[in-house]
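Right, one structure below, let's go through it.
For this chain, numbers begin at 1 and follow the sequence in order. Being a predicted model, the structure only gives us computed values, none of them experimental.
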Amino acid sequence: MVQGALHKDALKGKTIVVTGGGTGLGKAMSTYFSSLGANLVITSRKIENLQKTAGEITTETGNPVLPIACDIRNTEEIEQVLKAAEEAFGQVDSLVNNAAGNFISPTERLSSNAFSTVIDIVLKGTVNCTLTFGKNWIAKKQKASVLNIVTTYAFTGSGYVVPSAVAKAGVATLTKSLAVEWGKYGIRHNAIAPGPFPTKGAWDRLLPGDLLEKFDFKNRVPLKRVGEHQELANLAALLVSDYTGFINGEIITIDGGEWLQGAGQFNGLDAIPTEMWDTIEKTIRKSNEK
């Protein structure tokens with residue numbers, strides 16, 4: 001089991017907002033930030049998940065966690081998150097744009113609405129959060145950092161996840177562009193491009209039934225394993241800490257060498273016959289209805 005990489009007070013006194021912080025990789029990062037002494041604000045659309053996660057993290061670390069329901073497509077809700085965070089903790093030091101949405105599907109099967117939904121959450125949602133927090137920091141002349149979670153196919157492209165690939169590529173460009181433009185304000189922008197880090201709920205929805213076993217991502221990784229959540233949390237904590245104050249505009253890949261061995265994480269889904277996609281879509285719809 002991978003251990004935490006930083007000393008226990010590495011983020012003490014810092015306030016970090018994590019979108020999509022209630023589950024999956026967002027929860028893993030949030031838990032580790034809190035264990036390092038950070039004040040934490042976690043957001044997503046489902047307050048029940050957030051409250052459960054906040055209670056679990058505080059019980060484990062003893063540090064405060066503020067859960068706030070927020071749809072990042074709505075700027076007014078983001079402004080409320082910022083206001084509540086500042087009221088609770090004084091200021092926000094880092095924003096982690098982790099919230100995402102995805103469909104695994106042949107592109108021709110997607111409606112324009114489905115395509116737009118992913119763009120609205122992943123790209124426009126990230127822009128909305130970055131502008132809301134960034135304008136506040138600039139007005140207050142406060143140094144801060146933004147960490148965006150992208151993906152390796154943001155720079156290689158990939159079939160069957162085209163809306164996500166397009167949106168994440170936009171976020172990658174946003175990261176590099178604002179690193180230059182906002183550097184003069186002391187606001188750093190960096191990103192992490194994870195490879196396969198299984199999260200039970202997300203992967204079960206994306207690859208239902210026996211598909212997850214059939215398309216075992218370990219076989220695409222030179223290290224012949226998938227990532228552990230703590231490994232990504234270690235990297236995220238380092239990038240929002242003061243130890244990396246001169247790292248700006250970087251997109252750091254953590255994928256065991258996967259994209260070097262075979263670009264386009266989901267291109268192998270060419271092997272799925274057309275009729276099987278009907279079954280997959282039905283399974284995903286049932287899963288989303290639960």
Side-chain angles (χ1 to χ4, degrees), residues 11-102 117-118 120-140 142 144-149 167 171 174 187 189 191-192 199 201-202 229 232-233 236-237 239-240 288:
L11 298 177
K12 189 173 181 61
K14 290 189 177 294
T15 298
I16 303 174
V17 174
V18 182
T19 69
T23 58
L25 293 176
K27 180 179 180 180
M29 289 186 288
S30 297
T31 301
Y32 190 45
F33 295 159
S34 181
S35 76
L36 297 174
N39 302 316
L40 200 62
V41 181
I42 57 175
T43 78
S44 75
R45 286 178 291 172
K46 295 183 178 179
I47 190 62
E48 298 83 5
N49 289 344
L50 292 171
Q51 290 171 336
K52 181 174 182 292
T53 294
E56 291 171 353
I57 294 176
T58 297
T59 298
E60 179 178 335
T61 69
N63 292 319
V65 182
L66 178 62
I68 306 175
C70 174
D71 185 338
I72 60 173
R73 293 171 292 185
N74 186 325
T75 55
E76 290 182 359
E77 292 186 21
I78 299 168
E79 288 167 358
Q80 288 302 310
V81 171
L82 173 59
K83 180 180 178 182
E86 290 187 329
E87 287 177 351
F89 303 118
Q91 69 178 37
V92 174
D93 300 283
S94 295
L95 167 67
V96 179
N97 285 311
N98 170 71
N102 201 358
T117 296
V118 175
D120 287 347
I121 295 172
V122 177
L123 178 55
K124 293 173 69 175
T126 297
V127 169
N128 291 341
C129 291
T130 301
L131 285 176
T132 298
F133 283 81
K135 289 179 179 181
N136 180 66
W137 290 326
I138 292 168
K140 294 181 176 178
Q142 179 193 332
S145 69
V146 176
L147 178 62
N148 295 321
I149 307 302
V171 174
L174 179 74
I187 301 173
H189 285 76
I192 296 174
T199 58
H229 288 199
L232 187 139
L239 288 172
V240 299
N288 289 337

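With rounding to the nearest 0.5 Å, the separation of OG1 in Thr117 from CZ in Arg73 is 6.5 Å. With rounding to the nearest 0.5 Å, the separation of CG in Asp120 from CD1 in Ile72 is 10.0 Å. Taken to the nearest 0.5 Å, the CZ atom of Phe33 stands 10.5 Å off from the CD1 atom of Ile57. The line from CG of Leu232 to CD1 of Ile192 is 5.0 Å long, rounded to the nearest 0.5 Å. To the nearest 0.5 Å, atoms CG (Asp71) and CD (Glu76) are separated by 12.0 Å. Once rounded to the nearest 0.5 Å, the distance linking OG1 of Thr31 with CG of Leu36 reads 11.0 Å.
Under the 4.5 Å side-chain criterion, counting only non-hydrogen atoms from C-beta, Arg45 is in contact with Ile121. Within the 4.5 Å cutoff, no side-chain heavy atoms of Leu40 are placed close to those of Asn63. Under the 4.5 Å side-chain criterion, counting only non-hydrogen atoms from C-beta, Leu50 is not in contact with Ile68. Counting heavy atoms from C-beta on, the side chains of Met29 and Ile149 come closer than 4.5 Å. A 4.5 Å side-chain heavy-atom check between Leu66 and Val41 finds at least one atom pair inside the cut-off. You'll find the side chain of Val17 reaches within 4.5 Å of the side chain of Phe133, heavy atoms only. Looking at Ser30 and Thr53, their side chains never come closer than 4.5 Å, going by heavy atoms from C-beta outward.
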Practice problem: Would you please test Lys14 and Val240 for side chain to side chain contact (heavy atoms under 4.5 Å, CB included) and show each step? | Solution: CA-CA 9 Å; Lys14 290 189 177 294; Val240 299; over 6 Å; no
Practice problem: Evaluate the side chain to side chain contact (heavy atoms under 4.5 Å, CB included) criterion for residues Lys27 and Glu56: first the C-alpha distance (whole Å), next the side-chain angles of each, then the deciding distance (0.1 Å), finally the verdict. | Solution: CA-CA 10 Å; Lys27 180 179 180 180; Glu56 291 171 353; 2.7 Å; yes
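Under the 3.5 Å distance criterion, the side-chain polar atoms of Thr43 are left unmatched by any main-chain donor or acceptor of Ala69. A distance-only check finds no donor-acceptor pair linking the side chain of Asn98 to the backbone of Val18 [under 3.5 Å]. Side chain of Thr126 to backbone of Asn97: no donor-acceptor contact under 3.5 angstrom is found. No donor-acceptor distance shorter than 3.5 angstrom exists from the side chain of Gln91 to the backbone of Trp137, with no hydrogens or angles considered. In terms of modelled atom types and a separation under 3.5 Å, the side chain of Asp93 and the main chain of Ala144 share no donor-acceptor contact. Distance alone, capped at 3.5 Å, places no donor-acceptor pair between the Thr130 side chain and the Val127 backbone.
Taking the side-chain hydrogen bond (donor to acceptor under 3.5 Å, both in side chains) definition, one finds that Gln80 meets it with nothing, sequence neighbours left out.
Scanning all heavy atoms of the two residues, the minimum distance from Cys129 to Thr19 falls at SG-CG2, 4.0 Å. Considering every non-hydrogen atom in both Asn39 and Pro64, the closest pair reads OD1-CG, 3.5 Å. A pairwise comparison of heavy atoms in Ala99 and Gly20 identifies CB-N, 3.9 Å as the closest pair. Considering every non-hydrogen atom in both Ser34 and Thr61, the closest pair reads OG-OG1, 2.6 Å. The minimum heavy-atom distance linking Val122 with Ala100 is given by the pair CG2-CA, 4.0 Å.
Between the side chains of Ser94 and Ser145, at least one donor-acceptor pair of N or O atoms lies under 3.5 Å.
With Lys83 as the fixed residue, the side chain to side chain contact (heavy atoms under 4.5 Å, CB included) test singles out one of Glu86, Glu79, Glu87: Glu87.
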